[in-house]
Amino acid sequence: MQDKTEDRNESNNLKEKLKSLPNRPGVYIFHGEDNEVLYVGKAKSLKKRVSSYFRHQGFASPRLRKLVQLAKDISFIRTETEAEALIVEARLIKHYQPFFNIELKMGERYPYIKITNEVFPRVIITRHRGEDDAIYMGPYIRVKELRQVLRLMERYFPLRNCSLNLKETPVQNRPCLRYNLGKCLGPCAGLCTPKEYRERVDDVILLLRGQTSALVEGLRKRMDEAAMALAFEKAAFYRDAIRAIWRLSRQQISITLRDPIDNEIWSAMERLQDVLGISLPLWRIEGCDISHLSGRESYGVFVVFEQGVPNPSLYRKYSIKSVEGIDDFRSIEEIVKRRYSSLIEKGQPLPQLLLIDGGAQQLSFAIRALKELNIVNMAIVALAKEQEDIYIPNAKEPIRLSLDDPGLNLLRRVRDEAHRFALSSHSNKFNKRYKRSALEDIPGVGKRRAAALLAQFGSVTHIATRTPEELEEVDNIGPKLARHILKYLKGEITDEDIGKKIS
């Protein structure tokens with residue numbers, strides 16, 4: 001009877017998990033007894049893919065039937081694209097080696113384009129990424145995309161694909177048929193130099209890395225040179241290549257994906273996952289910090305770490321709007337609410353972990369913001385600077401790790417990066433403040449006095465470093481106005497304060 005009750009509870013738990021799955025790309029993980037990883041899969045739509053396992057009473061495949069029977073829980077990682085989901089899936093399978101995953105255990109399911117490390121490099125299609133000095137592009141999710149790229153390469157950027165052991169000297173008197181068909185430069189017969197061949201290899205690398213602008217710019221220069229030399233057939237060839245590249249790039253083919261995460265970073269992620277008791281791999285970590293400019297302007301920043309490394313393209317900063325004065329606690333609450341309500345509204349993935357710069361109080365205000373948004377599947381911690389204490393929800397005491405602990409060091413990198421990003425934002429706001437308009441905005445200064453001050457001291461930055469007595473030496477600048485100017489530039493008073501009558 002007890003077993004049946006437990007089975008019903010597990011079934012209800014799975015049904016609730018299915019309802020919470022987003023209709024977005026990501027990776028799903030089936031867990032068995034003791035949270036054992038049974039299966040890892042990727043999906044264009046997590047809701048549709050995972051729900052399909054439980055719609056059928058029976059599968060033709062005994063393996064799938066057994067998987068569904070043993071599944072006790074499901075977790076997922078949202079990703080931006082299906083391509084990113086592929087990378088996450090492959091890494092997790094290689095790490096956990098789940099019993100029900102067969103094809104990706106050895107990482108040989110999806111193909112790569114390999115450019116060999118030789119005097120005259122070859123292009124090879126392989127399903128295994130070796131530990132050598134070759135350049136690997138991919139993996140490619142769809143064979144159709146791979147064929148499109150190969151056709152374009154073969155027509156406009158042909159490289160050899162033979163297995164001849166070529167050095168800088170020719171190995172045969174005449175080239176193979178591929179040379180006559182325009183599909184090889186004929187290095188085997190000495191019909192091109194290593195430098196000429198290397199130029200073609202560089203073109204291929206730019207193409208495969210998606211750096212189409214740089215590639216097209218180089219081709220356009222060659223086209224112009226050919227036209228100037230009256231080599232119109234060659235110029236037309238480059239023109240057609242440029243058109244083909246733009247057509248390919250407009251299809252938004254995901255050619256290059258991120259390299260696999262290195263073992264040191266993976267170990268740090270896994271260590272932190274264990275310390276915090278988080279079931280999901282920490283694929284995306286966000287760090288939050290509050291900063292003040294000269295004690296008067298408050299704003300918050302978010303940095304994003306993906307696969308343990310920063311992704312600056314996802315960094316964001318927010319001016320504090322609803323909080324008056326300096327109040328870090330309510331400022332954290334405001335920006336956390338704004339940040340994640342925006343991500344939810346846009347259907348973008350949430351991080352597995354949010355790191356707050358601060359202690360227990362800062363953490364409590366961030367938790368309050370997440371509760372208002374009904375976000376329950378995201379871990380959150382705070383890291384205090386002095387002792388590097390890690391504060392977690394519902395714990396009386398913080399977690400203390402040794403300073404060389406890899407998990408702690410990962411948190412510190414996220415915290416320090418958030419602080420660095422905040423300081424860089426400071427400099428931008430500071431530069432805006434110290435323009436000529438900053439003087440003219442001060443009531444009582446105006447254009448004439450601003451011009452006189454700048455003529456005397458050279459810049460607003462230099463004015464801010466002077467004493468009131470030095471400012472008084474400028475015509476029409478009295479003692480009281482001089483003090484107000486310096487206080488304003490140092491952020492010690494507001495526009496409202498300085499607007500009071502100055503005699």
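What you are looking at is a predicted structure, and each value in this text was computed from that prediction instead of being measured.
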Heavy-atom check, side chain of [X] versus side chain of [Y], under 4.5 Å:
X	Y	value
F157	L219	yes
R415	L355	yes
Y238	R243	no
I74	I29	no
Y197	L159	yes
I115	V204	yes
L215	D202	no
L383	L408	yes

Kindly compute the distance separating [atom1] ([X]) from [atom2] ([Y]), expressed to the nearest 0.5 Å.
X	Y	atom1	atom2	answer
L92	Q97	CG	CD	11.5 Å
C288	I335	SG	CD1	3.5 Å
S331	I320	OG	CD1	4.0 Å
Q348	L314	CD	CG	8.0 Å
D416	F421	CG	CZ	15.0 Å
T116	I135	OG1	CD1	9.5 Å

Does the Lys NZ or Arg CZ of R339 fall within the cation-pi geometry relative to F302 - under 6.0 Å from the ring centre and within 45° of the axis?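 Yes, R339 and F302 form such a contact.
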Is any NZ, NE, NH1 or NH2 atom of the basic residue among [X] and [Y] found under 4.0 Å from an Asp or Glu carboxylate oxygen of the other?
X	Y	answer
R122	E118	yes
R178	E154	yes
D203	R198	no
R420	E417	yes

Steps toward side-chain contact (heavy atoms from CB on, under 4.5 Å) verdict (F232, F237): CA-CA 9 Å; F232 299 115; F237 173 83; over 6 Å; no
What residues form a side-chain hydrogen bond (donor to acceptor under 3.5 Å, both in side chains) with R449, not counting sequence neighbours? none
Heavy-atom closest pair, residues [X] and [Y]:
X	Y	value
L152	A244	CD1-O, 3.5 Å
Y136	T126	CE2-CG2, 4.0 Å
G26	A85	O-CB, 3.7 Å
A418	D289	CB-CB, 4.0 Å
A227	A235	N-CB, 4.0 Å
M269	G308	SD-N, 3.9 Å

[X] (side chain) donor-acceptor with [Y] (main chain) under 3.5 angstrom:
X	Y	value
Q352	R284	yes
S319	Y299	no
E196	T193	yes
R160	F120	yes
R49	A43	no
N101	V40	yes
K47	K19	yes
S51	K48	no

List the steps, then state whether ring pair (Phe, Tyr, Trp, His ring centres under 6.0 Å) holds for Y28 with F76. CA-CA 4 Å; Y28 56 93; F76 67 91; 10.0 Å; no
N23 and L46: CA distance, side-chain angles, deciding distance, side-chain contact (heavy atoms from CB on, under 4.5 Å) verdict: CA-CA 6 Å; N23 191 22; L46 285 166; over 6 Å; no
Distance-only polar pair, side chains of Y318 and E334, donor-acceptor under 3.5 Å: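 Y318 vs E334: no donor-acceptor pair found between side chains.
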Kindly indicate, with the supporting measurements, whether the criterion salt bridge (Lys or Arg N to Asp or Glu O under 4.0 Å) is fulfilled by D132 and K114. CA-CA 11 Å; D132 52 25; K114 174 182 178 180; 3.4 Å; yes
Please evaluate residues E199 and K195 with respect to the criterion salt bridge (Lys or Arg N to Asp or Glu O under 4.0 Å), reporting the C-alpha separation (whole Å), side-chain torsions for both, the decisive distance (0.1 Å), and the verdict. CA-CA 6 Å; E199 185 180 69; K195 183 180 178 182; over 6 Å; no
Are there more than 12 heavy atoms of other residues, nucleotides or ligands under 6.0 Å from atom NE2 of H31?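 Yes, enclosed.
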Given the rule in the side-chain contact (heavy atoms from CB on, under 4.5 Å) test, do V303 and I285 qualify, once you have shown the distances and angles that lead to the verdict? CA-CA 8 Å; V303 297; I285 303 174; over 6 Å; no
Please evaluate residues R316 and E286 with respect to the criterion salt bridge (Lys or Arg N to Asp or Glu O under 4.0 Å), reporting the C-alpha separation (whole Å), side-chain torsions for both, the decisive distance (0.1 Å), and the verdict. CA-CA 11 Å; R316 294 293 182 269; E286 295 196 359; over 6 Å; no
Would you please indicate if the ring centroids of Y39 and F99 are separated by under 6.0 Å?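 Y39 vs F99: aromatic centres not under 6.0 Å.
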side-chain contact (heavy atoms from CB on, under 4.5 Å) evaluation trace for I375 with I344: CA-CA 10 Å; I375 297 175; I344 292 171; 3.7 Å; yes
Residues at least two apart in sequence or cross-chain that pass side-chain contact (heavy atoms from CB on, under 4.5 Å) with L191, listed by chain then number, are P175, Y179, A189
